[in-house]
Amino acid sequence: MRTIFVTGGAGFIGSAFIHLILETTTDVEIVDFDALTYAGNPENLKGLDPARHRFVKGDICDKAAVLDALPDGAEAVFNFAAESHVDRSISSAGEFVLTNVLGTQVLLDAARAKKVKRFVQISTDEVMGSLPDDSNLYFTELSPLKPNSPYAASKAAAEHFVRAARETFGLDTVITRCGNNYGPRQFPEKLIPLMIANAMNDEPLPVYGDGRNVRDWIYVEDHARAIWLACERGRAGEIYNIGARNEQYNIDVVKTILDILGKPHSLIKFVADRLGHDRRYAIEADKTENELGWRPLTSWEDGLRRTIDWYRENQAWVDHIRNGAYRDYYRKMYGELS
Ligand code: NAD
Ligand code: DAU
């Protein structure tokens, strides 16, 4: 058995990664280390084989807890744990610096101490800033880091520490940078699940600004598979951009969701724009496709339908979140919309 250490495994992408690895391998066991913040949800880990999945509740900033949980000579650390929502980073950036920057450094130190074979940092296209509207410019692995939000700045800082661990101490590291993920189990503060949940409840759908910002969407399982391949086949010290060549205007995403759910476009409500709102993300994934032999397998149409079906079939999962602290968050963020 090969042991991997996954942080943030109770979140959206981390849990998709764990489900995928347990389903598609037979020789991998997972230690899943997660602080269970508002975004971490034990329900995301239901049904996993306890012989191959061990959950440890802990904070990646807690050096002793990390050292205690991280097995000696582990095959790899996959660092998914993060504060991940841009709007929350605009309201309060402190937690982002702690988890995303300090937490990553704690993990890098622990990986060296425990002689971990490879460290995989799950990063984001947002570290490269924003592309001009309707241009034919794309993010590549050589694009400069130009983060615009506090979230993106914290993820860019984390990348620098990963690079420093490689250059200074020779730690075997790989960084992956992906665009916007969608799929089952995404916390309904992010665009797609928020719009699905509101539409299902006949509540207004808040679209920021003119709705013409562009995001490059990828189905979460495709992202998870690329991360695994980056660990298995990627070259040490390299960065791999992950994207499905699927640029969409926000307003089109929202209208498509309403159409699939059979709800009226009159539910759309344009609201004040996000501060410093990045206009366009678009990823060139040639290096990842060529070096790792990866391709996205899920089309936008299939992925979105599958996602909407999942939220329809898991209304209790959504209600559980919407009945908790999320209510206060929503009120502070959006006020009374109707
Ligand atoms: P998420 O917010 O759904 O989950 C984050 C998880 O990390 C939660 O389970 C939370 O409990 C855990 N966590 C937070 N702080 C922690 C701490 N201090 N110690 C231990 N665990 C902690 O996030 P996500 O959308 O699944 O994103 C996962 C990773 O992928 C993040 O690093 C994010 O930057 C990156 N990423 C996300 C996207 C996207 O579209 N969501 C795209 C590219 C990259
Ligand atoms: O690109 C990768 C990044 O994608 C990840 O690194 C982040 O963790 C992830 O949160 C996501 O960031 P975005 O800011 O792009 O995602 P979000 O879902 O918050 O917003 C997507 C777009 O939709 C963005 O242009 C803002 C807009 N939006 C969002 C919300 C929540 C709205 O118009 N209304 C909303 O209510």
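The residues of the chain are indexed from 1 along the displayed sequence. Whatever order the structure lists ligands and atoms in, that order sets their numbers, starting from 1. Side chains included, hydrogens not; waters and symmetry mates left out as well; all remaining heavy atoms used. What you are looking at is a predicted structure, and each value in this text was computed from that prediction instead of being measured.
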Any chance you could lay out the ring-ring contact (aromatic ring centres under 6.0 Å, His included) test for Phe55 and Phe33, step after step, and finish with the verdict? CA-CA 6 Å; Phe55 182 80; Phe33 189 86; 8.6 Å; no

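Using cut-offs of 30° and 60° on the angle between ring planes, the pair Tyr334 and Tyr208 is parallel.
The cationic atom of Arg280 (NZ for Lys, CZ for Arg) lies less than 6.0 Å from the six-membered ring centre of Tyr138 and within 45° of the ring axis. At least one test fails for Arg215 against the ring of Tyr182: distance under 6.0 Å to the centre or angle within 45° of the axis. Relative to the ring axis of Phe12, Lys190 does not place its NZ or CZ within 45° and under 6.0 Å from the centre.
No part of His85 comes within 4.0 Å of ligand 1, judged by heavy-atom distances. Contacts between Cys61 and ligand 1 below 4.0 angstrom, taking non-hydrogen atoms only, are absent altogether. For Asn180, every heavy-atom contact with ligand 1 shorter than 4.0 Å involves the backbone, none the side chain. If you look at Asn41 next to ligand 1, there are no close heavy atoms at all, none under 4.0 Å.
Shown in contact with Tyr281 at under 4.0 Å from a heavy atom are these atoms of ligand 2, numbered in order with element: 1 (O), 15 (O). Ligand-side atoms of ligand 1 in range of Ala10: 9 (O), range being under 4.0 angstrom from any heavy atom. Those atoms of ligand 2 with a heavy atom of His277 less than 4.0 angstrom away are 24 (C), 25 (O), 26 (C). Every atom of ligand 2 is numbered from 1 in the order shown, and the set under 4.0 Å from a heavy atom of His85 is 19 (O). Close approach of ligand 1 to Asp59 is summarised as follows: ligand atoms under 4.0 Å from at least one heavy atom of the residue are 17 (C), 18 (N), 19 (N). Near Val207, meaning under 4.0 Å from any of its heavy atoms, are these atoms of ligand 2: 33 (O).
When Arg280, Arg274, Lys190 are checked for heavy-atom proximity to atom 20 (O) of ligand 2, Arg274 turns out nearest. Of the candidates Leu191, Leu194, Asn181, it is Leu191 that places a heavy atom closest to atom 21 (C) of ligand 2. The heavy atom nearest to atom 1 (O) of ligand 2, out of those in Thr124, Asp125, Ile13, Val271, is found in Asp125.
Among all protein heavy atoms, the one lying closest to atom 27 (C) of ligand 2 is Asn250 ND2, 3.5 Å. From the protein, the heavy atom lying nearest to atom 34 (N) of ligand 2 is Pro206 O, 2.8 Å. For atom 29 (C) of ligand 1, the nearest protein heavy atom (residue, atom name, distance) is Phe80 O, 3.2 Å.
In terms of N/O distances under 3.5 Å, ligand 1 is not approached by His223.
At least one heavy atom of Glu189 sits less than 4.0 Å from an atom of ligand 2.
Judged purely by distance below 3.5 Å, without hydrogens or angles, the side chains of Glu29 and Thr3 pair a donor atom with an acceptor atom.
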